[in-house]
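Here's the structure, in structure tokens; my notes come after.
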Amino acid sequence: MKAVQVSKAGGEFEVVERPLPEPGPGQVRVKVEACGICHSDAFVKDGAFPGIEYPRVPGHEVIGRVDALGPGVDAFSAGQRVGVGWHGGHCFRCEACRAGDFVNCSNAQIAGVSYDGGYAEYMVAPAEALARVPDALDSAEAAPLLCAGITTFNALRNAGARAGDTVAVLGIGGLGHLAVQYARKMGMRTVALSHGPAKEALARELGAHDYIDTSAGDPAEALQALGGARIILSTAPNSAAISAVVGGLGRDGCLLVVGVDGAPIEVAPLQLIPGRHSVGGWPSGTPKDSEDTLDFSARFDVLPRIETYPLEQAAEAYDRMLGNQARFRVVLTMGG
Ligand SMILES: NC(=O)c1ccc[n+]([C@@H]2O[C@H](COP(=O)([O-])OP(=O)(O)OC[C@H]3O[C@@H](n4cnc5c(N)ncnc54)[C@H](OP(=O)(O)O)[C@@H]3O)[C@@H](O)[C@H]2O)c1
Ligand SMILES: [Zn+2]
């Protein structure tokens with residue numbers, strides 16, 4: 001099979017031929033149809049995540065069809081369409097799993113990080129990592145929902161906002177452009193924040209009621225002028241940009257961080273205390289959360305805007321994401 005691997009931390013993407021992987025007990029081989037390129041694939045490319053063994057095939061926004069079942073797998077059948085996201089498996093035995101908190105499994109695996117992912121014609125994943133995919137969704141359009149979608153959908157639906165509340169989305173990229181659509185479809189007054197004027201028309205098309213260009217003035221003041229945000233969902237991978245919006249929270253407001261940067265976020269205690277503000281984070285979710293995301297997206301017509309590239313052009317496709325040029329998610333497609 002053809003695959004795209006990174007052979008060392010900081011290495012380039014290499015198109016290689018590999019033997020077809022065999023599913024072991026409890027595992028499923030998936031014939032990949034599409035795989036989104038998430039900003040978190042940079043962890044694999046750059047080696048910024050602990051414990052990655054190289055060479056590694058990245059990719060955790062995977063849609064494909066069940067191709068072969070390992071011993072003991074009875075929950076899926078050959079030919080069934082499935083998705084694989086960031087949450088790549090759990091042990092069922094640790095304290096977190098016994099409490100039903102699979103995301104915090106002590107032995108959690110990450111697709112495309114702990115084992116080879118979806119930048120390939122085939123991949124093998126544990127059966128508990130698979131989500132069922134509604135027929136209504138096209139594979140290339142469904143792929144980004146497995147990480148960009150679930151992360152923003154699940155963060156927003158658990159954030160405690162009510163219909164009519166103001167939800168601001170910081171960073172209108174792969175995650176952000178879906179977050180804008182989810183917030184709008186969940187009944188929120190939706191504000192898009194982007195560092196420049198370029199994305200205004202698209203953000204409004206996606207459902208934003210208001211648009212704030214964070215480079216044009218103080219974004220916190222601009223949010224306060226709209227009444228303050230109940231939730232600021234931050235997808236921007238930049239802590240300075242995140243710190244700049246904390247002052248835009250309204251009463252009981254929460255800054256909910258999903259975008260990753262190594263630098264600390266700066267928040268003064270008095271930015272939090274009077275308005276009962278909080279700062280939190282959100283990881284993606286379980287395969288069941290993925291199924292909820294896919295079902296909601298199909299029913300409420302939330303689809304990513306995608307640019308498709310053949311697998312062999314993964315390097316070029318990745319650069320479009322990294323350079324903030326993609327509108328809004330780049331998806332690798334595997335042909336047949
Ligand atoms: N918590 C989780 O489970 C989870 C899941 C998936 C991804 N992530 C993380 O979420 C982040 C976003 O991922 P993505 O795939 O959506 O990335 P993306 O497509 O590259 O979008 C990121 C957006 O952030 C803004 N941005 C980029 N660089 C910036 C800078 N230097 N300063 C201010 N804003 C900047 C840009 O939006 P504007 O041009 O509109 O400003 C850009 O479009 C990444 O850090 C990724 O690792 C986390
Ligand atoms: Zn991701």
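Counting convention: from 1, in listed order, for ligands and their atoms alike. Bear in mind the structure is a predicted one, so any value in this text is a computation, not a measurement. In what follows, residues are counted from 1 in the order of the sequence shown.
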Measuring from Met1:CE to Arg29:CZ, what's the distance to the nearest 0.5 Å?
9.5 Å
How many angstroms lie between atom CD of Glu12 and atom CD of Gln5, to the nearest 0.5 angstrom?
13.0 Å
How close does the nearest protein non-hydrogen atom get to [atom], and which residue and atom is it?
{"atom": "atom 41 (O) of ligand 1", "value": "His195 ND1, 2.5 Å"}
{"atom": "atom 3 (O) of ligand 1", "value": "Ser284 N, 3.2 Å"}
{"atom": "atom 20 (O) of ligand 1", "value": "His39 ND1, 2.7 Å"}
{"atom": "atom 26 (N) of ligand 1", "value": "Pro237 CD, 3.7 Å"}
{"atom": "atom 46 (C) of ligand 1", "value": "Ser40 OG, 3.3 Å"}
{"atom": "atom 43 (O) of ligand 1", "value": "Asn324 OD1, 2.8 Å"}

[Y] and [X] side chains, donor-acceptor separation under 3.5 Å:
{"X": "His209", "Y": "Arg184", "answer": "yes"}
{"X": "Asn238", "Y": "Asp261", "answer": "no"}
{"X": "Tyr182", "Y": "Thr293", "answer": "no"}
{"X": "Glu33", "Y": "Ser139", "answer": "yes"}
{"X": "Asn104", "Y": "His90", "answer": "no"}

Numbering the atoms of ligand 1 from 1, which are under 4.0 Å from a heavy atom of [X]?
{"X": "Pro283", "result": "3 (O)"}
{"X": "Gly259", "result": "9 (C), 10 (O), 11 (C), 45 (O)"}
{"X": "Ala241", "result": "33 (C)"}
{"X": "Asn238", "result": "30 (C), 31 (N), 32 (N), 33 (C)"}
{"X": "Met321", "result": "20 (O)"}
{"X": "Thr151", "result": "1 (N), 2 (C), 3 (O), 4 (C), 5 (C)"}
{"X": "Arg329", "result": "14 (P), 15 (O), 19 (O)"}

Taking the six-membered ring of Tyr119 (Phe, Tyr or Trp), confirm whether the NZ or CZ of Arg56 is under 6.0 Å from its centre and within 45° of its axis.
no
Find out whether the Lys NZ or Arg CZ of Lys45 is both under 6.0 angstrom from the six-membered ring centre of Phe13 and within 45° of the ring's axis.
yes
Does any N or O of ligand 1 fall below 3.5 Å from an N or O anywhere on Leu175, backbone included?
yes
In terms of heavy-atom contacts, does CD of Glu266 have more than 12 from other residues, nucleotides or ligands at under 6.0 Å?
no
Heavy atoms from other residues, nucleotides or ligands near CD of Glu17 exceed 12 (cutoff 6.0 Å)
yes
Grab the two heavy atoms, one from Arg189 and one from Gly164, that are nearest each other, plus how far apart they are.
CB-O, 4.1 Å
Please step through side chain to side chain contact (heavy atoms under 4.5 Å, CB included) for the pair Arg327 and Leu202, ending with a clear verdict.
CA-CA 9 Å; Arg327 295 293 177 275; Leu202 279 166; 3.9 Å; yes
Counting only heavy atoms, tell me which of Gly196, Gly174, Gly281 gets closest to atom 19 (O) of ligand 1.
Gly174
Option whose closest heavy atom lies nearest to atom 39 (O) of ligand 1, chosen from Gln325, Lys199, His60, Glu61
Lys199
Answer with side chain, backbone, both or neither: which part of [X] has a heavy atom less than 4.0 angstrom from an atom of ligand 1?
{"X": "Ser194", "answer": "both"}
{"X": "Val258", "answer": "both"}
{"X": "Ile172", "answer": "both"}
{"X": "Val260", "answer": "both"}
{"X": "Trp86", "answer": "neither"}
{"X": "Ala236", "answer": "both"}

Looking at His60, pick out the N, O or S atom nearest to the Zn ion (ligand 2) and give its name.
NE2
Salt bridge (Lys or Arg N to Asp or Glu O under 4.0 Å) between Glu95 and Arg98, worked out:
CA-CA 5 Å; Glu95 283 307 308; Arg98 292 179 66 225; 3.1 Å; yes
Below 4.0 Å from ligand 1: does a non-hydrogen atom of Cys147 turn up there or not?
yes
Strictly under 2.8 Å, is the Zn ion (ligand 2) approached by any N, O or S atom of His39?
no
